[in-house]
Amino acid sequence: MTPLDPHKLPVHLAVIMDGNGRWAQQRMLKRIIGHQRGAETVKMVVEQASLLGIKYLTLFAFSSENWSRPALEVRALMTLLKKYIRQETARMMRKNIRYNVIGNRRELPDDVNETLDGAIQKTAENTGMVLTLALSYGGRQELCRAAARLAEEAVTGTLSPVDITTELFNKYLDTGNLPDPDFLIRTSGEMRISNFLLWQLAYTELYFTDTNWPDFTINELHKALADFQSRERRFGMTGDQITERGDLLNA
Ligand code: FPP
């Protein structure tokens, strides 16, 4: 496995888990089998990220646009999600992992929300990795929700528009209590962001692999993280400035 420098890991790793459907179709299997196999990869990545000491892991599990998929696939994904959360919560407790959810939870079925609430409550005091599931999540939708809340406060007079800074705006996002991702991995060969964390990815290092999500292995994860460690992050500054500001290198 590619050796990793434990001091240069991303603080926040985000993943677009793509290619479950194609993985299944290539094997003449139903798409949901691909999602089931994808859930096994989720287990591996959660376990590895936590073992490596990554503080925040955010997984794009269901997008705002995924509601347009065939009803059968949507239902199967919701059932799989519930099953995963129920089965994995004990392990999350053992590994000191805290659940978090971003996205428009109002669009999720009640039983899914109940399962999520139970898991969030149960793991609320855990102090290890924060595992954020993006569910019914879209970056543009999140930005609109934040803008609507700010506008409401401006109308009622509790906020003046001139006070809207990037720091303040950030607090109104679903990710208000998370740092921006340092590293984004997308599987299955697609090289786009697909409405994921549009604001938060401003300075994130991007990594694309052709591997479909169900085939993504520990080795590939390490390879991706080693690639991250080879990058110079400049945040709009010069390389010399960054060398002087060592604190930013692993911000
Ligand atoms: C993209 O593959 C994946 C999804 C839309 C869902 C992701 C869900 C999982 C990995 C399993 C369940 C999740 C958790 C957190 C337990 P795709 O269907 O778009 O693949 P395709 O592009 O090949 O059709």
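For ligands, and for the atoms within them, numbers begin at 1 and follow the listed sequence.
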| said: Within the 4.0 Å heavy-atom shell around Trp213, which atoms of ligand 1 are there? | reply: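 Those qualifying, in numeric order: 10 (C).
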
Practice problem: Identify, by atom number and element, the atoms of ligand 1 in contact range of Arg69, meaning under 4.0 Å from any of its heavy atoms. | Solution: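 Ligand 1 atoms under the 4.0 Å threshold to Arg69: 5 (C), 17 (P), 18 (O), 19 (O).
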
- Message: When you measure from the side chain of Arg149 to the backbone of Arg145, do you find a donor-acceptor pair of N or O atoms at a distance under 3.5 Å?
- Response: no

Identify the closest protein heavy atom to [atom]: which residue and atom is it, and at what distance?
{"atom": "atom 4 (C) of ligand 1", "answer": "His35 CE1, 4.0 Å"}
{"atom": "atom 12 (C) of ligand 1", "answer": "Leu80 CD2, 3.9 Å"}
{"atom": "atom 22 (O) of ligand 1", "answer": "Arg22 NH2, 2.9 Å"}
{"atom": "atom 9 (C) of ligand 1", "answer": "Asn20 ND2, 3.6 Å"}
{"atom": "atom 3 (C) of ligand 1", "answer": "Met17 O, 3.1 Å"}
{"atom": "atom 6 (C) of ligand 1", "answer": "Ala61 O, 3.3 Å"}

Under 3.5 Å side-chain donor-acceptor pair for [X] and [Y]:
{"X": "Glu65", "Y": "Asn195", "result": "yes"}
{"X": "Ser136", "Y": "Trp67", "result": "yes"}
{"X": "Thr127", "Y": "Asn96", "result": "yes"}
{"X": "Glu142", "Y": "Gln200", "result": "yes"}
{"X": "Arg105", "Y": "Asn113", "result": "yes"}

Practice task
Quick one: look at Arg31 and ligand 1, take heavy-atom pairs under 4.0 Å, and tell me if it's side chain, backbone, both or neither.
Solution key: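 Answer for Arg31: side chain.
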
Could you establish whether [X] and ligand 1 come within less than 4.0 Å of each other, counting only heavy atoms on the residue side?
{"X": "Leu59", "result": "no"}
{"X": "Gln36", "result": "no"}
{"X": "Glu88", "result": "no"}
{"X": "Ser188", "result": "no"}

In terms of its nearest heavy atom to atom 16 (C) of ligand 1, the top option of Phe60, Tyr84, Phe216, Phe62 is Tyr84

Next on the checklist: Just checking Leu29: does its CG atom have more than 12 heavy atoms from other residues, nucleotides or ligands closer to it than 6.0 angstrom?
Outcome noted: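 Check passes, neighbour count above 12.
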
Checklist entry - Taking N or O atoms only and a 3.5 Å limit, does Asn66 qualify as a polar contact for ligand 1? => result no

Just distances here: any N/O of Gly21 and N/O of ligand 1 closer than 3.5 Å?
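Yes - when backbone and side-chain N and O of Gly21 are compared with those of ligand 1, one distance drops under 3.5 Å.
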
Students often mix this up, so state it plainly: with edges at 30° and 60°, are the rings of [X] and [Y] parallel, tilted or perpendicular?
{"X": "Phe60", "Y": "Tyr137", "result": "perpendicular"}
{"X": "Phe169", "Y": "Trp199", "result": "parallel"}
{"X": "Phe235", "Y": "Tyr203", "result": "tilted"}

